[in-house]
Novice: 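Before I ask anything, let me first share the structure, which is written out below as structure tokens.
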There are 2 protein chains.
Amino acid sequence: MRAFWAEGYDAASIDRLCRATGMPRASLYQDFGGKEGLFLAAIAHYVDTRIGPLADALGPRGTLEADLSAFFVEVVALATGDSQTPGCLISCVLAEVAGANDTFRLELDRRFTALEDRIAQRFEHALASGAVTDKRALAGMLAAVARGIMLRARSGARAQDLDKIARVAVRASLRDLT
Amino acid sequence: MRAFWAEGYDAASIDRLCRATGMPRASLYQDFGGKEGLFLAAIAHYVDTRIGPLADALGPRGTLEADLSAFFVEVVALATGDSQTPGCLISCVLAEVAGANDTFRLELDRRFTALEDRIAQRFEHALASGAVTDKRALAGMLAAVARGIMLRARSGARAQDLDKIARVAVRASLRDLT
DNA sequence: ATAAATACAGAACGTTTGTTCTGTATATTG
DNA sequence: CAATATACAGAACAAACGTTCTGTATTTAT
């Protein structure tokens, strides 16, 4: 997972992946069927271990504002926490290979949709069902900000600057609700 | 440019690039020095022909709201206009290879910063200099939304849904200004 | 027209790629 | 303990990679 994350899909060679996982080539092909299968397994592991906590921060635990802020704290931490793996495996790596590979494009769509659903669900909990705002569009907007933050981290942006962006997004989206 | 955009950096082979450009291999190496140089030239051409019009839409031409809306119309059009090249060459392709290549990471940072500067400049024009809002953070937030839209288009999202996200972002950011 | 320089098509280079195969060691099971 | 299956390390594979080279057209400039 970390090899794909740091270097990208094509640049991470089977040799390197074997060394990184401590896995013999034969077992890798036995267990995952090939590079594509290994990559999809890495994505699944990434979602379990990295995106999971991030979605959990949405709660509901506290106020809507507190939960959204906590979510973005996790986003920035994931994007900048390890200097060897800046950005997001899904937004920065899967998104590239999704251009020419239908399997990967569908996987990307599934993972993107899942996060938006999770954010929209938090809004459903917080707001009267008759609220004027389109909750799915609002969730999509916040997910877009999160992904933009991931991309910006890939270019080496400081966590402090990304935090500012996140705070603006949370405040603006809350004002949009009224 | 379109070959890199559609297939990604590594997947676009020199053979394919020669066929796509109608350029002999020797001339390609003569004029661009190699694959990296050709890719950087493709990025520059992309900025000139695709990002330029998008930045021009920011004006100032009309009201702040009208100019921001026009900007996002261009963003969505660029992201979804050609089904063979979904998303953004910079946000979807350059961002991946930036993980393992310092030249590309610096290039990514330069291009990202340039767009944020352009958006911030539009805010400087519209707002009293003493306004409470951090214009750079607000510009960074809108740039993040634009890049999130580019990513979402890479997964096959419909232009109609991306437009909704853009409208929410414009409205929320304007409310944040007061 | 003649000389110098550039442009070109394609073969050739050595690597590296993803994948499969071979033989041996290690577990597992009855 | 014996028989069978699994796991392993590394060789071997054809294919594709980025890059360089060779010889021949084509253009440019005097």
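This structure is a prediction, so every number in the text was calculated from the model and none was measured. Proteins come first, then strands; the chains are lettered A, B, ... in the order of their sequence lines, and each starts at number 1.
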Novice: In this structure, which stretches of DNA chain D are paired as stems of three or more consecutive Watson-Crick or G-U pairs, both distances less than 3.5 Å?
Specialist: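 Consecutive-pair runs (3 or more) involving DNA chain D: C:1-27 with D:4-30.
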Novice: Is there a side chain to side chain contact (heavy atoms under 4.5 Å, CB included) between B/Val73 and B/Val76 once you walk through the steps?
Specialist: CA-CA 5 Å; B/Val73 165; B/Val76 173; over 6 Å; no
Novice: For the side chain of A/Trp5 and the backbone of A/Gln84, is there at least one donor-acceptor N/O pair under 3.5 Å apart?
Specialist: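 The answer is no, because no donor-acceptor pair under 3.5 Å joins these two groups.
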Novice: I need the residues from residues 6-20 of chain B with at least one non-hydrogen atom less than 4.0 Å from DNA chain D; give them sorted by number, or say none.
Specialist: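 Of all residues in residues 6-20 of chain B, the ones placing a heavy atom under 4.0 Å from DNA chain D are B/Ala12, B/Ser13, B/Ile14.
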Novice: With sequence neighbours left out, which residue pairs that include part of residues 40-49 of chain B fulfil the side chain to side chain donor-acceptor pair (under 3.5 Å) condition?
Specialist: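 For residues 40-49 of chain B, and leaving out neighbouring residues, there are no side chain to side chain donor-acceptor pair (under 3.5 Å) pairs at all.
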Novice: Measure from NZ on B/Lys35 to P on D/dC17 and round the result to the nearest Å.
Specialist: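 Interatomic distance, NZ of B/Lys35 to P of D/dC17: 8 Å.
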Novice: Is it true that the NZ or CZ of B/Lys35 lies under 6.0 Å from the centre of B/Phe4's six-membered ring and within 45 degrees of the ring axis?
Specialist: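 Here B/Lys35 fails the 6.0 Å and 45° test against B/Phe4.
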Novice: Applying side chain to side chain donor-acceptor pair (under 3.5 Å) as the test, list every pair that has at least one member in residues 144-162 of chain A; sequence neighbours left out.
Specialist: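 Listed by first then second residue: A/Glu116-A/Arg147, A/Arg152-A/Ser155, A/Arg152-B/Asp109, A/Arg152-B/Thr113, A/Arg152-B/Glu116, A/Arg158-A/Asp161.
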Novice: Under 3.5 Å, sequence neighbours excluded: what are the donor-acceptor pairs made by side chains of residues 60-71 of chain A?
Specialist:
unit_1	atom_1	unit_2	atom_2	d
A/Thr63	OG1	A/Ala66	N	3.0
A/Asp67	OD1	A/Gly62	N	3.0
A/Asp67	OD2	A/Arg61	N	2.8
A/Asp67	OD2	A/Gly62	N	3.4
A/Asp67	OD2	A/Arg122	NE	3.0
A/Asp67	OD2	A/Arg122	NH2	2.9
A/Ser69	OG	A/Glu65	O	2.9

Novice: Between B/Ser27 and B/Met23, is there a donor-acceptor pair closer than 3.5 Å when you use the side chain of the first and the backbone of the second?
Specialist: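 Side chain of B/Ser27 to backbone of B/Met23: no pair is present.
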Novice: Counting only non-hydrogen atoms, which of residues 24-34 of chain B are less than 4.0 Å from DNA chain D?
Specialist: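 When residues 24-34 of chain B is checked for heavy atoms under 4.0 Å from DNA chain D, the hits, listed by number, are B/Arg25, B/Tyr29, B/Gly34.
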Novice: Just checking B/Phe32 against B/Phe39, ring centres under 6.0 Å apart?
Specialist: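 Centroid separation for B/Phe32 and B/Phe39: 6.0 Å or greater.
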Novice: For side chain to side chain contact (heavy atoms under 4.5 Å, CB included), just list the numbers for A/Tyr9 and B/Glu96, CA-CA rounded to whole Å, side-chain angles, deciding distance to a tenth of an Å, and then say yes or no.
Specialist: CA-CA 9 Å; A/Tyr9 179 75; B/Glu96 198 228 30; 4.0 Å; yes
Novice: Can you check whether A/Val170's main-chain N or O pairs, donor with acceptor, with A/Ser173's side chain at less than 3.5 Å?
Specialist: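 Indeed, once roles are kept as given, a pair shorter than 3.5 Å links the two residues.
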